[in-house]
Amino acid sequence: MDGDLKAHSSLVHLNGGSRVWLEGFHSSGWGGTLEETMHWLVPWLQTGVTLFSPHAVYYSTRGGWWEWAPPDTGWRQPYFEHYGVFADTVSRVCRLLSEGNHVADVAVHYPSYAAVGYLSLDDVKPNEHPMGASNRDPRERITQLRRAYWSVAGTTHRKDTETYAGSLRNLGLDFDVVDDSALERSLVRDGKLDIAGERFGVLVLCGTTAMDAPALAVAQAMARQGGLVVGVDVPEEERGAIPGAVFVDTAEEAAALAERKAEKRAEGPGLSLHRRTDDADIFLLLPKNGELLKMHEPAVESARPLPPAVYRLRTAGVPELWDPVTGRTGPVAYVREGDWIRVEASFDHWPAALIVCGATSVRDAGSRAADESAAARTSALVSHRERFPAEIGSGPAGGGEERTLEEWRVRIEPTLDNRYGDFDLHAERRGLMPPERRMMRVRTEERGEDGTAAGWQMPEYSDAGWDERLWSEAAYWHVHKGESYDPKEAEPLVYSTVFGDLKFRSWAGRMGRVPRRYLHLGEASKGETVWAATNAMAHEEGRFWIRTESNADLQGWVNGEAIEWSGGPEERTAWVRLKEGPNAVLLRAEARSKGMQRAAVEINESAAMPLPKWIYAGRPAASSHLRIGLAAPPNRPASRVRLVFAARGRAVLAVNGIAVTEHGDFNPYIRQGQEEVDITAYWREGANDIALLLPEGKGDVFVDGRIELADGGAIPFCTGPDWLDERGEPALVHHGGVLQFAETESLWINDRPHPLPGVGWLMPGSAPSTAPVPFVADASRIGRPIWLRFPLPVGTHRMHLEVEGKVRLWIGGQETAFASGCCSFAPQAAGTMAAVRIEPEGALTEAAVMNAPIRFETLPRLGKLGDWRTALHLPHHSGAVEYETRLELAAEGTVLLDLGHVRGTAEVWADGAPAGVRVWRPYRFALGKLAAGSHKLRVRVTNTLGTFYEHGRPTSLVGANPAVTYWDKTPRPEWQASFPAGGLYGPVRAWFTQSEEDER
């Protein structure tokens, strides 16, 4: 069913259930707001969802470096303080839509019986993962059945929804999906199917009449009794199976027939859902088709509140509007038209409408009074909550006075709780995350230049030609493609020795590690050559160990001498001689396959342990196996022995002749085909035999293990060419990408020194004990003064800067005292230019002199409305901003406040009294009656974690990234640009209506 919600909700409807569970919206990204999430959710509520589980809440995010198919919509999100409004709304909607029975007159047959007949175990190709086979149509007949079904029912998941909207949905016809088992349980009365309290007058067959015999008998009986059985794109040879059925070529023809036959329940410009209890009709009404945001579309500044829509509903009851935001109910104006009523559905409270039509006979004065009393209790309960949904009023009705509020005093409010290092592992103090800047303009004074004399510190100076760097980044290498290395063609290769290269963004997220292959050599075709050059800065002359790791074939030269490598491309090692000072290093990388080429290079005084390899038998046979002998040192007994075992192709792990576990079909995405195994129970004193049995001969296997000794020591072991096959020949190493770029460290059980020296903040066990020899792209820049320029956030009065070197600092062109990593000054306007001159220590260049982001302390100050990143110069601030202004009234009257566009959530106070919370448009607040005089208005806006994750974190999932959104590969750069944004955009307007007493 491929996650098709309509099929799943139908299973619940037709089997006596009430809850249809949806886990969404994985991989939609960190930047989705509650407003957007509700827009995305509403169509699925109409499809039948009655239980929503957001994806996901992580135990930890490890400084922003652990994620898996985000977002996390839990407590880390700035908007979480207002999440209760969203959660209560969803809970009330799902509770109400779980009542009674679903009402639809059309049943769509799910052609699973026929489809199974066209499937075979042989459809899985050799060495293909089952997930790959399941996402592919093995035969044209399967494709025909799928397309026939989708053309009728549409796809009610986020993939292919625009391609296959569904002919029934296009006509506003609701339906349920029935399979053979549902048909078998049904009764046919007067040409209608009775299944679990639902009655269907139309049965649509999708591409086939093939079904099991009892189901076929029901379909035949329905047609015989005058019910409409219509087949879409059914082969001619199958059409005689159901006498009386109608067969058409297209889904549109079938929908037209169904529309004429079915008893419609609702008519309007959008989709609807009808449920019926013993005493009421429940209608979920959606806005006009196309008004809701598309799946995973962001709300932009040009978006407007949803307009109302007129619906006709078939009901004998009296309609009420049930508001799931507040939990209150109220009357709805309507016009009776025979069996129908005509109502205007408003979508101001939330992006849909719930109309409940109860029988007038049971809604006497007593029950009405009880309802009103209950509503009053609910209202009182809500008003005493710390945060509650706002009263939105009815909108400006004309005749009042409109004012645009333009002068705002703003205060930055941190909300990200970093006590456990969820957002930053570099900060020594683990409290709320302060505003910070990670990106800045960088320039190095070249020989003969004087930045101060040239005015680089002045606000009016143009730094448009400067490089932009993330803190700790620098250009360490020069790279280019070609047959030979040409320095004139080379471009700088930028990365950080602290967090590596952020150009590589994995599909579902980093798993709390800095990838070892930090050199991004770019995309290349098979056989294409990429050159990389740098200088290795040796502290003394001597013999040094060098290791490279890559998915490309690497050759290398040091000071013009060819490196004599050992090993394959995934790990090559050698010993080289370096002179004191700069040593020219040149690499030639030839792509082994098309795609991204990546590498790691480490030069060190001492050699490190070998890396685990995927290995296989060179001459596979039924008796193939790979084994190694292991033992603990004499007088140092083992206390525990464990390993990670993974396999592609069938493989059995045996210890001392005892089969322990078996694996195959390794898949890193779902952690399939891998296992951490404790083999202590099979271990014996002295020699031990670890064997990987390959009953089918072929197969790739992987082991990384450790012998933990009673004295606290440990001995690592891993698969490699030292494992021998049954002929005593060395195992062969798999040089291809069993994992992406053949990286294996996600499987390691042992910590190993990382080729980058600064990763200990995230991977403390991988910090190298001996620092690698540093690389410098241009040795002539060592020791040259480095300049940084960046605008200050609104209200900045103190700045913290951690750098390696001597600092001079200017704020708005005025030099400011800097001591102990900090400087203070008067609160600044947003965008005031700061300039920093650093005389670096050691071989550090560019932003590598920075040990942390620049952090700020702020005070309230006048600021502008708009995107916080630009209007307030808060490029990474995920949190809250509070806006304050004063409203002057000459007379008493009622005030309605409209915030205009908000990307996030909003909470309002008038003279300190709370006016409630809005989490979707319209961001309108009924402030009630205010006396003549001056009134203080305060607005608190929260955004998403999209801003925090946009720069300086390895995610590719802020929002709308087509490289990740497998359900929609359409590039939408305007969507991508919106997801990191947040703030109060306005225009903010207040409508004042004078009290009648004052008018008199």
Side-chain angles (χ1 to χ4, degrees), residues 58-59 62 66-69 124 126-134 506-513 515-517 549 551 570-571 609-617 624-628 630 640-655 658-683 690-708 714 716-720 723 731-752 763 765-766:
Y58 302 136
Y59 291 107
R62 300 284 305 279
W66 195 101
E67 63 182 11
W68 191 251
V124 182
N127 297 322
E128 182 182 26
H129 193 274
M131 289 178 66
S134 67
S506 58
W507 180 78
R510 295 275 176 87
M511 303 296 283
R513 62 186 180 89
R516 298 175 63 86
R517 299 181 186 183
E549 305 167 44
N551 60 324
E570 73 290 333
E571 181 185 17
M609 69 180 79
L611 307 178
K613 311 290 192 304
W614 285 90
I615 59 174
Y616 63 98
S624 289
H625 62 259
L626 301 167
R627 63 189 342 120
I628 194 171
L630 298 173
R640 187 184 184 194
V641 184
R642 55 196 177 99
L643 56 82
V644 168
F645 167 50
R648 289 185 67 207
R650 186 182 174 199
V652 178
L653 169 67
V655 179
I658 302 174
V660 177
T661 188
E662 180 176 332
H663 278 292
D665 295 324
F666 171 72
N667 183 287
Y669 175 70
I670 57 175
R671 297 296 186 265
Q672 178 176 303
Q674 68 182 68
E675 180 183 359
E676 181 176 330
V677 187
D678 190 320
I679 61 172
T680 309
Y682 308 97
W683 191 261
I690 310 296
L692 303 173
L693 312 180
L694 303 171
E696 297 173 2
K698 293 183 178 180
D700 307 313
V701 288
F702 174 97
V703 165
D704 187 35
R706 59 188 288 113
I707 306 168
E708 298 173 1
F717 62 94
C718 61
T719 43
W723 290 57
L732 299 184
V733 175
H734 192 312
H735 300 309
V738 176
L739 277 169
Q740 193 173 24
F741 313 115
E743 294 175 348
T744 61
E745 58 260 45
S746 65
L747 294 170
W748 293 356
I749 203 170
N750 294 292
D751 291 326
R752 290 176 170 84
M763 306 161 66
S766 298

Apply side chain to side chain donor-acceptor pair (under 3.5 Å) to the pair Glu675 and His663, showing each step before the final yes or no.
CA-CA 8 Å; Glu675 180 183 359; His663 278 292; 2.8 Å; yes
Residue pair Leu653, Leu692: steps toward the side-chain contact (heavy atoms from CB on, under 4.5 Å) verdict:
CA-CA 5 Å; Leu653 169 67; Leu692 303 173; 3.8 Å; yes
Let's go through Asp700 and Ile615 carefully: what are the C-alpha distance in whole Å and the side-chain angles of both, what is the deciding distance for side-chain contact (heavy atoms from CB on, under 4.5 Å) to 0.1 Å, and is it a yes or a no?
CA-CA 6 Å; Asp700 307 313; Ile615 59 174; over 6 Å; no
Before you tell me yes or no, could you show the steps for Arg642 and Val677 under side-chain contact (heavy atoms from CB on, under 4.5 Å), namely the whole-Å CA-CA distance, both residues' side-chain angles and the distance that decides it to 0.1 Å?
CA-CA 6 Å; Arg642 55 196 177 99; Val677 187; over 6 Å; no
Step by step, work out the side-chain contact (heavy atoms from CB on, under 4.5 Å) result for Ile749 and Leu643.
CA-CA 7 Å; Ile749 203 170; Leu643 56 82; 5.7 Å; no
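Note that CD of Glu570 and NE2 of His734 are 10.0 Å apart. Values are rounded to the nearest 0.5 Å. Note that CZ of Phe645 is 8.0 Å distant from CD of Glu662, once rounded to the nearest 0.5 Å.
Between Arg516 and Glu745 there is no salt bridge, since none of the side-chain N atoms of the basic residue sits less than 4.0 Å from a carboxylate O of the acidic one. Contact check on Glu571 versus Lys613 returns a salt bridge, with a Lys/Arg side-chain nitrogen under 4.0 Å from an Asp/Glu carboxylate oxygen.
Under the rule for a ring pair (Phe, Tyr, Trp, His ring centres under 6.0 Å), Trp683 has no partner lying at least two apart in sequence or in another chain. Residues satisfying the side-chain contact (heavy atoms from CB on, under 4.5 Å) criterion with Ile628, sequence neighbours excluded, are Leu630, Ile690, Asp722, Trp723. Under the rule for a side-chain hydrogen bond (donor to acceptor under 3.5 Å, both in side chains), the partners of Asp678 that lie at least two apart in sequence or sit in another chain are Arg640, Thr680. Remark: Arg706 engages Glu708 in a salt bridge (Lys or Arg N to Asp or Glu O under 4.0 Å) (not counting sequence neighbours). Applying the salt bridge (Lys or Arg N to Asp or Glu O under 4.0 Å) criterion to Glu696, with sequence neighbours excluded, gives no partner residue. For Glu67, the side-chain hydrogen bond (donor to acceptor under 3.5 Å, both in side chains) test picks out Trp30, Thr955, with sequence neighbours left out. When the side-chain contact (heavy atoms from CB on, under 4.5 Å) test is applied to Phe702, the partners found at least two apart in sequence or on another chain are Pro612, Trp614, Ala646, Asp704, Thr719, Thr744, Leu747, Trp748.
Across every non-hydrogen atom of Ala714 and Pro716, the tightest pair is O-CD, 3.9 Å. Closest heavy-atom contact between Pro610 and Cys718: O-SG, 4.1 Å. The minimum heavy-atom distance between Ala731 and Gly720, with the atom names listed, is CB-O, 4.0 Å. When all heavy atoms of Arg627 and Ala691 are compared, the closest pair comes out as NH2-CB, 3.6 Å. Pro695 and Val652 make their closest contact through CG-CG2, 4.4 Å (heavy atoms, listed as atom of the first residue, atom of the second, distance).
Between the Tyr58 side chain and the Trp68 main chain, a donor and an acceptor come within less than 3.5 Å of each other.
Ser766 is not listed as a side-chain neighbour of Arg752, based on a closest heavy-atom distance of 4.5 Å or more.
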